[in-house]
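Below you'll find the structure, written out as structure tokens, and then a few comments.
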Amino acid sequence: MGLKNKDLLGMKQLSPEEIMEILETAKMMKMVISSGNKKTTHLQGKSIVTLFYENSTRTRLSFELASKYMGSASANISTSGSSVNKGESLLDTARTIDMMGTDIIIMRHNQSGAPHFIAPYLNASVVNAGDGMNEHPTQALLDMLTMYERFDTFEGKKIAICGDIYHSRVVRSNAIGLTKLGAKVSVYGPRTMMPIGIEKMGVTVADSVIDCCRNADAVMGLRVQLERQKSSLFPSVSEYAKFYAITKEALSAAKPEAFLMHPGPCNHGVELPTEVYDCDQSVINEQVTNGVAVRMAVLYLLMARRNEL
Ligand code: CP
């Protein structure tokens, strides 16, 4: 019972069995959420802190709700209003939170590898809530839960992912998790936003949005991450929308029962036209709901390991 490692740093560290255990646990947590009484005692007497060095709506709030639903004492700290703004180092900040008896620290940071750096120094379990351009494991897990509710197996399923591949920690975590479970991942985006050697991750690079979506079981759009670009990597928003957005035509190249995903937040009219964002095949709002269930499952399974030890 519980996860093998003290920390959840990435999909890379999870075995296929652990991924499935998280998804099955999240399904149960979803039943708790929809039962009308969201309160459980799984984390009673435990303390959980979210430490966010980057902005977030979905990830931070869903972790906060998940920990509150499960009865823990939870607190939040971000760069503004904390001693980080007085120059306190990442490690000193993390150790300070740890020494207050915190059981789980959930961290988002703009530097790839930041949670991996602090985790060995801490007694608390560290959960990666997004580190630079590296990984966003709980996003991939909620995406996979959304798929798992529609597929009985990931084996042989084709997942199309289009957009800003280069800057996306979401695509990296999804590619690692989905290929571990036997799915085939196809990616497409501007050449300037495609990491060299991405094929080594076991994904195929498509020639167009339509080629990427063709016969896909699920289609995922990615946000253009302007905040991570020093200078624009494409000529104009209108050209991006013309050549790289997931249009109705592109979505119709996927299987008839295929569904549309996006991790959010979305630049409407850039990576997705609004009518596609809101179309019947869109499960974007459901992904948000699944985010709470997956984060409840992750906290529960990390705490189960700690309790067992
Ligand atoms: N998908 C995601 O990580 O969204 P937030 O940045 O709002 O947390």
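For ligands, and for the atoms within them, numbers begin at 1 and follow the listed sequence.
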E275 atom CD, neighbour heavy-atom count above 12 within 6.0 Å: yes
Whether over 12 other heavy atoms sit under 6.0 Å from F52 CZ: yes
Linked hydrophobic residues, L9 as query - side chain contacts closer than 4.5 Å: V49, L51, Y53, I77, V84, L90, L91, I97, I105, M107, F117, I118, Y121, L122, V126
Pairs meeting criterion salt bridge (Lys or Arg N to Asp or Glu O under 4.0 Å) with involvement of residues 30-53, two or more places apart: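 Pairs touching residues 30-53 that pass the test: K30-E149.
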Per-ligand residue contacts, ligand 1, heavy-atom threshold under 4.0 Å: S56, T57, R58, T59, R108, H136, Q139, P263, G264
Proximity of F243 and Y188 rings by center, below 6.0 Å: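 Not under 6.0 Å, so no.
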Set of residues satisfying salt bridge (Lys or Arg N to Asp or Glu O under 4.0 Å) with respect to D98, sequence neighbours excluded: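 D98: no salt bridge (Lys or Arg N to Asp or Glu O under 4.0 Å) contacts found.
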